Amino acid sequence: MSAADPPAAPPDAPSARWSELRRFTAARVALGRAGNGLPTAAHLDFQEAHARARDAVQSALDPAALEAALAPLGLPVLRVASQAPNRRAYLLRPDLGRRLREEHRALLPPAPGSLLFVIADGLCATGVQAQAPAVIGHALPLLRQAGIPLAPIVLAEQARVALGDEIGGAMGVRLVAMLIGERPGLMALDSLGLYLTHAPRPGRSDAERNCISNIRPGGLSPAQGAGKLVWLARAALGQGMTGVALKDEQPRQDLLPP
Amino acid sequence: MGFAQAVGGTRYLFPDLRTLLARATPLRSGDVLAGLAAGSAQERVAAQRELADLPLRHFLTEAVIPYEEDEVTRLILDRHDVAAFAPVAHLTVGGFRDWLLSEAASPAMLAALRPGLTPEMVAGVSKICRLQDLVAIAAKCQVTTRFRNTLGLPGRLSIRLQPNDPVDDPRGVAAAILDGLLLGAGDAVIGVNPATDSLDNTLRLLELLDAVRDRYAIPTQSCVLAHVTTTLLAIEQGAPVDLVFQSIGGTEATNRSFGVSLALLREAREAALGLGRGSLGQDLMYFETGQGSALSAEAHHGCDQQTIEARAYAVAREFPPLLVNSVVGFIGPEYLFDGKQITRAGLEDHCCGKLLGLPMGVDVCYTNHAEADQDDMDALLTLLGVAGVTYIMGVPGADDVMLAYQSSSFHDGRYLRAALGKRPAPEFAAWMERMGLEAASSAGELPPRLAPSLAGLA
């Protein structure tokens with residue numbers, strides 16, 4: 001190896017403060033060190049962030065509050081749940097979170113040809129609770145303007161993305177827009193993902209959806225998310241499909257959807 | 001042919017090898033989800049007893065996925081070296097475990113044996129190992145690789161510097177790199193997971209990483225962990241590609257779900273070799289694996305997730321890699337539910353990879369919906385250090401702000417090196433001393449030679 005010398009610094013160059021790095025990133029840089037470990041304050045900051053994320057995974061939808069927030073939009077609101085009986089089962093058995101509870105099927109009216117919004121807890125309900133009504137509120141006038149008929153809004157608990165396929169299939173809709181809580185990170189506990197699927201029915205693959213992720217304070221605003229949704233919905237209805245073929249440059253998905 | 005074993009007055013039947021392997025696997029959520037796990041603790045131990053009595057030779061006559069259906073099976077059986085296998089050819093799986101633990105299994109013996117072992121043999125023996133066996137056996141396996149430095153030497157522990165940024169902001173990436181370098185990370189690779197896997201973005205990040213490496217004269221290699229097809233395009237465009245990254249799995253169909261095949265991996269390796277950028281060696285592939293990927297792609301052929309994971313190592317060793325790591329806690333609680341399952345899987349993956357001759361690292365990590373925390377990670381990290389893990393990840397403050405999961409931190413790397421008396425790769429250790437990093441970080445400073453302005457931070 002040609003052991004190249006380190007760059008010659010100007011002779012009077014001062015050392016930069018380590019803490020200067022914090023100006024350039026939200027990552028946990030320049031934490032200092034206590035021996036080789038984290039200084040106490042940084043250690044407890046991390047523990048707090050993780051505690052918040054853990055509690056967020058256990059968070060549940062408040063359907064009554066959501067119904068109140070959605071009431072001004074003028075669409076009927078229905079409530080259903082998946083076959084996952086509780087949070088532990090939900091986490092261990094993604095297949096149960098994709099299936100509708102049998103007795104809830106009868107609650108779903110036919111809505112052929114329409115666009116259906118499903119509001120689902122996913123891996124964290126707090127962001128959904130806060131932002132889903134605003135996303136739908138921004139999208140509705142644009143969808144009505146485009147002449148796209150709308151199905152009743154469905155609230156779904158212990159739900160994975162693919163539960164929207166069964167709900168949408170039962171109602172016979174043309175498009176389902178699943179608004180679902182994303183897996184919480186230490187930085188963002190309130191992120192909402194939106195999955196759009198054409199001609200939903202059980203068995204649709206993730207490659208047949210389009211995803212708008214990171215709708216949250218500091219990420220995409222509800223208005224921006226709604227704008228992208230309406231663009232995708234019009235394109236999907238025009239081409240009769242959703243999925244990779246419709247995709248422009250979307251951020252890569254590193255985990256499976258909730 | 002089937003297998004049967006009685007435990008506690010009940011006779012358990014296992015219709016074929018893949019079922020026997022699955023039932024013998026220590027409990028994990030992914031095998032339960034797949035419907036492959038043993039139905040009871042006694043059935044599991046019955047399968048383990050039956051597996052322990054199975055001659056190693058049997059693995060050469062019964063494929064867990066048919067030869068005709070799967071190019072990974074063909075790779076495994078076509079590459080099997082009968083002469084290398086000879087020293088253990090007379091053993092059962094249980095006898096093989098005893099031999100691996102014995103003094104007879106020296107580092108040199110284990111190195112010579114590699115071409116004679118199949119992934120299924122290695123997976124099989126790991127299923128009847130306790131954690132301490134997995135640690136002790138792996139610690140005897142020495143795997144050394146080279147590109148611009150030397151990785152895997154005894155007494156060394158390397159760290160991948162993982163400076164991910166949620167929007168690939170070059171300043172965010174550069175700040176995380178400087179933070180990691182100051183704390184001694186980056187000898188395995190400086191490797192960014194791009195937030196957007198596009199050619200333009202990949203080219204931009206490759207230029208940034210190469211400029212940083214060049215300006216601080218760091219004896220290491222860089223990598224943008226884009227899809228292999230994106231990296232191939234970047235090579236065509238003349239980009240400074242050191243390592244070719246790809247996620248791989250242990251079946252042809254899993255690899256198809258990742259958009260790759262053996263032929264594509266071969267093509268990418270040859271393209272990168274053509275660049276001749278390695279100064280000490282030409283080990284330039286970087287593979288990521290992880291238990292559960294085959295099931296999530298519905299490509300597991302009724303095999304348990306750990307056996308499939310070991311098969312991915314046969315894919316990796318076909319293309320001499322600089323680095324391989326399992327992303328053990330990343331894929332989620334439906335595959336590995338809690339700290340106990342993650343810990344066991346991490347040690348299995350490390351041991352199986354090392355037995356097959358891979359420069360094995362582990363992403364000691366978890367997501368927020370798994371039942372795990374920093375204490376679990378400290379335990380796994382320490383166990384892997386004792387087992388001689390080639391490298392671990394280094395993320396600022398253990399918090400990856402792009403992938404939204406927790407991995408090991410730069411501080412964790414310092415802890416592990418200090419606790420076990422390990423040093424970075426020799427070329428990198430010498431560079432750290434020249435740069436004066438230790439004194440600077442205790443004083444809360446970046447030394448003049450690590451001036452942020454050289455990385456575009458002003």
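In what follows, chains carry the letters A, B, and so on, assigned in the order in which the sequence lines appear, proteins first and then strands, with residues in each chain numbered from 1. Because only heavy atoms are used, hydrogens play no part in the values below, and waters and symmetry mates are left out as well, while side chains stay in. Since the model is a prediction, treat every value here as computed from it, not as a measurement.
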Side chain to side chain donor-acceptor pair (under 3.5 Å) between A:R33 and B:S441, worked out: CA-CA 8 Å; A:R33 59 183 176 88; B:S441 66; 3.0 Å; yes
Verdict with supporting geometry, B:N368 and A:L186, side chain to side chain contact (heavy atoms under 4.5 Å, CB included): CA-CA 8 Å; B:N368 286 319; A:L186 296 194; 3.9 Å; yes
Verdict with reasoning, B:E371 to A:R54, per salt bridge (Lys or Arg N to Asp or Glu O under 4.0 Å): CA-CA 9 Å; B:E371 288 290 328; A:R54 293 291 294 149; 2.9 Å; yes
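Heavy atoms closer than 4.5 Å to chain A are found in the side chain of B:P452, but not in its backbone. Interface residue B:A398: backbone and side-chain heavy atoms are both found under 4.5 Å from chain A. Interface remark: A:A42 contributes no atoms to any contact with chain B (heavy atom separation under 4.5 Å). Looking at B:A297, neither its backbone nor its side chain comes within 4.5 Å of chain A, counting heavy atoms on both sides. Residue contact with chain A, scored on non-hydrogen atoms closer than 4.5 Å, is absent for B:A455. Looking at B:Q374, only its side chain comes within 4.5 Å of chain A, counting heavy atoms on both sides. For A:R22, no part lies near chain B; criterion is any non-hydrogen pair under 4.5 Å. Both the backbone and the side chain of B:L178 come within contact range of chain A, with heavy atoms under 4.5 Å apart. Contacts of B:E298 with chain A are absent, with no heavy-atom separation under 4.5 Å from either backbone or side chain. Heavy-atom distances place the backbone of B:A370, and not its side chain, under 4.5 Å from chain A. For B:D373, the parts lying under 4.5 angstrom from a heavy atom of chain A are both the backbone and the side chain.
Applying the side chain to side chain contact (heavy atoms under 4.5 Å, CB included) rule to B:P170 yields the partners B:R204, B:L208; only residues at least two apart in sequence or on another chain are considered.
Heavy-atom pairs under 4.5 Å with chain B were tallied for A:M187, A:R87, A:H50, A:E20; the largest tally goes to A:H50. Per-residue counts of heavy-atom pairs under 4.5 Å with chain A were compared for B:A440, B:G444, B:A418, B:G180; the largest is that of B:G444. The choice from B:A451, B:S442, B:G184, B:S29 that makes the most heavy-atom pairs within less than 4.5 Å of chain A is B:S442. Your options are B:V401, B:D399, B:D412, and the one with the most heavy-atom pairs under 4.5 Å with chain A is B:D399. Heavy-atom pairs under 4.5 Å with chain A were tallied for B:R146, B:Q406, B:R417; the largest tally goes to B:Q406.
Using modelled atom types, one finds no donor on one side chain facing an acceptor on the other under 3.5 Å when comparing A:R28 with B:S409.
Across B:L403 and A:R183, no two heavy atoms sit closer than the pair O-NH2, 3.2 Å. A pairwise comparison of heavy atoms in B:F337 and A:R88 identifies CE2-NH1, 3.3 Å as the closest pair. The two atoms that bring B:P447 and A:S15 nearest to each other are CA-OG, 4.2 Å, heavy atoms only.
Checking side-chain atoms of B:H411 against main-chain N and O of A:G35 turns up no donor-acceptor pair under 3.5 Å. For the pair B:D179 (side chain) and A:V29 (backbone), a donor-acceptor distance under 3.5 Å is absent.
You'll find the side chain of B:L33 reaches within 4.5 Å of the side chain of A:D95, heavy atoms only. Within the 4.5 Å cutoff, the side chain of A:W18 has heavy atoms near those of the B:L183 side chain.
Heavy atoms of other residues, nucleotides or ligands lying less than 6.0 angstrom from CZ of A:R52 number 12 at most.
With salt bridges taken as basic N to acidic carboxylate O contacts below 4.0 Å, none links B:E334 and A:R93.
Between A:Y90 and B:H369, a ring centre-to-centre spacing not shorter than 6.0 Å is recorded.
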